[in-house]
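Residue numbers start from 1 in every chain, and the chains themselves are labelled A, B, ... in the order their sequence lines are given, proteins ahead of strands.
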Amino acid sequence: MIKIRLSDGSHRDFPKGITGWEIAKTLSTSLAKEAVAIRIGEELWDLTRPIEADSDIEVIKRASDVGLDILRHDAAHVFAEAVKELYPETQITIGPSIQDGFFYDLFRKESFTPEDLTRIEERMHDIVNRDEIVTREVWSREKAIAFFKDLGEFFKAEIIEDLPGTDEITLYRQGKFIDLCRGPHLPSTGKLGHAFKLMKLAGAYWRGDSKNQMLQRVYGTAWSSEKDLQAYLTRLEEAEKRDHRRLGKEMDLFHMQEEAIGSVFWHPKGWTLYRILENYIRDKITAEGYVEVRTPQLLDRSLWEASGHWGKFGENMFIVKDEDKTLALKPMSCPCHILIFRQGIKSYRDLPIRMAEFGSCIRNEPSGALQGLTRVRSMVQDDAHIFCREDQIEEETRKFCVLLLNVYKELGFDELTVKFSDRPEVRAGDDATWDKAEAHLEAGARASGLSYTLNPGEGAFYGPKLEFVLKDAIGRDWQCGTLQLDFVLPERLDATYIGEDGKKYRPAMLHRAIFGSLERFIAIFIEHHGGKFPLWAAPVQAVVATVTQEGDAYAQKVYDTLKAAGLRAEIDLRNESIKYKIRELSLQKTPYILVVGKKEALEGTVALRKLGGEAQEVLALHAVIDKLTNEAIPPHKRPNLDENK
RNA sequence: GCCGGAUUAGCUCAGCUGGUAGAGCAACUGAUUUGUAAUCAGUAGGUCGCGAGUUCGAAUCUUGCAUCCGGCACCA
């Protein structure tokens, strides 16, 4: 007999060699049904693997995070089995579980078509129905390598060859299919169920390296129940409805076209939104002691060579020839800000200097990277560089973090994660400089009280960075803000200040942005709100709509009053039914519709209808103005009741 | 840049195996003067992304290019 301690703390004795599944069955039949694996100590085991010694175990249920992960991995195996049955000439490579599902990378001369995916998916359902027993086998490394080479699975053989350490590897067999895998897996393919779907076909490089062979990647989604699968598909549809490219067109905010790929044509409403957000952030940084500058867009090659950008990003810069000169469109503003800093002599008393610019930057992004407003070639950064003494780094870092958190919160983003990215392989500056920079930035991050995760090797070429990732209304992560500590550029471009002792010193430079690029941030802002902007940011805040032409004169008066109160209003006098106008204006996501007819004209009132609201409110005109102007105050100009105490 | 898919009226889309283009909405004109998410009727609108080829004949087949979409790689 062996002693098993369960996750609720209770102990039970079981015969040696009992399996996790058998234990689950003794606990309850429903638990056994839900079980997909067990956790034994730190390891995850198959349900059918015999337990030989005293252990702590926990039954993993299919709907749990770990359970789903296992389920999705099983889906990947069933997928691979289906592929090998239908297209035996295919080599299978890796097939991990990922968020919401799994993928599998395949190598085959012919391309898979969407029709092939349908066929494969059908076969997957067959395999689940066959309920093939899944067994775990332990092989020697040599045997496994030889086996896969013999099968013609050269990618698999290469994976095994590169596995570190152990001489033994595990394989899982189901039906005629056998795959390398650490496991655990479900006891049989039937346990997977049918809540999966193949989603898309894509290309992916072998081992993630663009120098390698391109493989065919198939993405699938898999869930513990049909209901969860449906919920997921519904979530995708909802995400599609708030896609900024779609809303940009529907709400007439902007467009893009072939003649200017990667650049935006802002329409009046979109540009209004743009200016609102730009002015908002301008107000915020001005209050924090930033000064704003504007620097050139076309700069000589020699500057970019000196800064190091030419060497690292030369290929991604647009070059302009002028007689015997070579100029580049600026891809970023930092060298320019150093050039301003260098004008005149700076004293230690002048620091910190927080120099901001809404810098128009142009980068030749790879064509395949372009994506709506989120990845463009022509963008504006809410960029600023803080020149400071070494002993000011911590405080400046802390201040920036506070500002950034406040901005995100005011704009409706409540959840934030932070990543600390340290030195990349290809970098400028010596190791001692990097040691110092990383230590300072970490201290600053700690001083701000933020918790962060390490993102190794992802720093900029001139310094380590903090990356701020916000979560939108439907749970997607977006990296927007950044704070980068740089000792390298001030050195390369020779920025100095005079210290207390009259000697020259190098300032430290903090590169920082809250939005990142205005274009990208606006895309996120649109998607986060699904086009239903808070009143202060809505390009059109209110539309006066008449019931009949009898109301025209009064409607005009209401409209004039709104405009005089500084509201962004429009008027709809068209000869259409009020039903029609409301429908159209609602689809345009107009925050407020002010319906006026004969009755309102007589009484000097307005029937106020809020977007998304069922009921309307009949108010006196002045009351409507009060209500709207009050609601339209931007968050940073709103009196903060907590602080007024 | 790489892999796959798409590109038809202002928008959303239909057009099977090749016989030379269609709907809804929008626009325009007229009627209607309407009370909270589509009033009715009529009119007009397209070298089917661009170029080449096959064919008696190409939106449809082949091919090159461009852009977009989904990934991969990249992201100062």
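Nucleotides G51(B) and A9(B) have their P atoms positioned 16 Å apart, rounded to a whole Å. Here, C25(B) and U62(B) have their C1' atoms 37 Å apart, quoted to the whole Å. With C1' as the reference atom, A52(B) and G10(B) are 30 Å apart, rounded to whole Å. When the C1' atom is used for both A21(B) and G45(B), the distance is 13 Å, rounded to whole Å. Taking atom C1' on both nucleotides, A44(B) is separated from C68(B) by 30 Å, rounded to a whole Å. Taking atom P in both G35(B) and U29(B), the straight-line distance is 25 Å, to the nearest Å. Here, C11(B) and C50(B) have their P atoms 15 Å apart, quoted to the whole Å. Annotation: U7(B) and C13(B) have their C1' atoms spaced 13 Å apart (nearest Å).
For K197(A) and G70(B), the NZ to P distance is 17 Å, given to the nearest whole Å. In this structure, Q588(A) places its CD atom 13 Å from P of A26(B), rounding to the nearest Å. The nearest whole Å value for the distance from the CG atom in D572(A) to the P atom in U36(B) is 16 Å. Rounded to an integer number of Å, the gap from E584(A) CD to A37(B) P is 14 Å. Atom CZ of R583(A) is separated from atom C1' of A38(B) by 5 Å (rounded to the nearest Å). Residue R246(A) contributes atom CZ, which lies 15 Å from atom P of C69(B) at whole-angstrom precision. We find that CG of L585(A) is positioned 15 Å from C1' of G35(B), with the value rounded to whole Å. Atom CD in E250(A) sits roughly 14 Å away from atom C1' in G10(B) (whole-Å rounding).
In summary, E238(A) and K241(A) engage in a salt bridge, as defined by a charged side-chain N under 4.0 Å from a carboxylate O. Under 4.0 Å is where a charged nitrogen must lie from a carboxylate oxygen, and between R512(A) and D383(A) no such pair does. Under 4.0 Å is where a charged nitrogen must lie from a carboxylate oxygen, and between R123(A) and D116(A) no such pair does.
The side chain of Y580(A) lies closest to U39(B), out of C69(B), G35(B), U39(B).
Heavy atoms of E115(A) sit nowhere under 4.0 angstrom from any nucleic acid atom. Residue contacts shown for K249(A) are limited to sugar-phosphate atoms, with no base heavy atom under 4.0 Å away. Residue contacts for S586(A): at a heavy-atom cut-off of 4.0 Å it reaches a base atom on one of the strands shown. In this structure, S367(A) reaches the bases: a heavy-atom distance under 4.0 Å links it to at least one base atom across the strands shown. When heavy atoms are screened at a 4.0 angstrom cut-off, I582(A) is found touching base atoms of the nucleic acid. Nucleic acid contact for G516(A): none, since no nucleic acid atom lies under 4.0 Å from a heavy atom of the residue. Among the heavy atoms of the strands, none lies under 4.0 Å from A545(A). No contact: L215(A) has no heavy atom under 4.0 Å from any strand. In this structure, K581(A) reaches neither bases nor backbone, as no heavy-atom distance under 4.0 Å exists between it and the strands shown.
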What string of B, S and - do you get for nucleotides 71-76 of chain B, 5' to 3', when a contact is any protein heavy atom under 4.0 Å? BBBBBB
Base contacts versus sugar-phosphate-only contacts with protein, heavy atoms under 4.0 Å: please encode nucleotides 40-48 of chain B as B, S and - from 5' to 3'. ---------
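Put simply, R574(A) has no side-chain N or O that comes within less than 4.0 Å of OP1 or OP2 on U39(B). A close approach under 4.0 Å does not occur between any side-chain nitrogen or oxygen of Y592(A) and OP1 or OP2 of U36(B).
Across the strands present, A9(B) finds no partner; the criterion is a Watson-Crick or G-U wobble pair with both atom distances under 3.5 angstrom. In a base pair of the Watson-Crick type (N1 to N3 plus N6-O4 or O6-N4) or a G-U wobble (N1-O2 and O6-N3), with each distance short of 3.5 Å, A41(B) is matched with U29(B). Base pairing analysis places C16(B) opposite nothing; no Watson-Crick or G-U wobble pair with both distances below 3.5 Å involves it. Pairing for A58(B) is absent, with no Watson-Crick or G-U wobble pair whose two atom distances lie under 3.5 Å. U63(B) is paired with G51(B) under the Watson-Crick or G-U wobble criterion, all donor-acceptor distances under 3.5 Å. For G1(B), the paired base is C72(B) (Watson-Crick or G-U wobble, both distances below 3.5 Å).
Positionally, the nearest nucleotide of RNA chain B for A607(A) lies more toward the 5' end than for the other of A607(A) and I261(A). Where G262(A) and S111(A) each meet RNA chain B at their nearest nucleotide, the meeting point lying more 5' is that of S111(A).
More than 12 heavy atoms of other residues, nucleotides or ligands shown are found within 6.0 angstrom of CD on Q257(A). Within a 6.0 Å sphere centred on CD of E110(A), other residues, nucleotides and ligands contribute more than 12 heavy atoms.
Contact annotation: the side chain of L299(A) approaches that of C336(A) to within less than 4.5 Å [non-hydrogen atoms, C-beta and beyond]. For the pair H440(A)/T397(A), no side-chain contact is recorded, criterion being any heavy-atom separation below 4.5 Å from C-beta on.
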Applying ring pair (Phe, Tyr, Trp, His ring centres under 6.0 Å) to F525(A) and H244(A), what does each step give before you reach the verdict? CA-CA 9 Å; F525(A) 193 72; H244(A) 72 279; over 10 Å; no
Starting from the C-alpha separation in whole Å, work towards a yes-or-no answer on salt bridge (Lys or Arg N to Asp or Glu O under 4.0 Å) for E396(A) and R354(A). CA-CA 10 Å; E396(A) 288 304 312; R354(A) 307 187 186 93; 2.8 Å; yes
Stepwise side-chain hydrogen bond (donor to acceptor under 3.5 Å, both in side chains) test for K471(A) and T417(A): CA-CA 8 Å; K471(A) 209 176 261 307; T417(A) 51; over 6 Å; no
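If you check distances only, the side chain of Q616(A) never reaches the base of G35(B) with a donor-acceptor pair under 3.5 Å.
When ring centroids are compared, F112(A) and Y87(A) come within the 6.0 Å threshold. A ring-centre distance under 6.0 Å is found for Y462(A) and H511(A).
When atom types are taken as modelled, the side chain of W271(A) and the backbone of F265(A) share no donor-acceptor pair closer than 3.5 angstrom.
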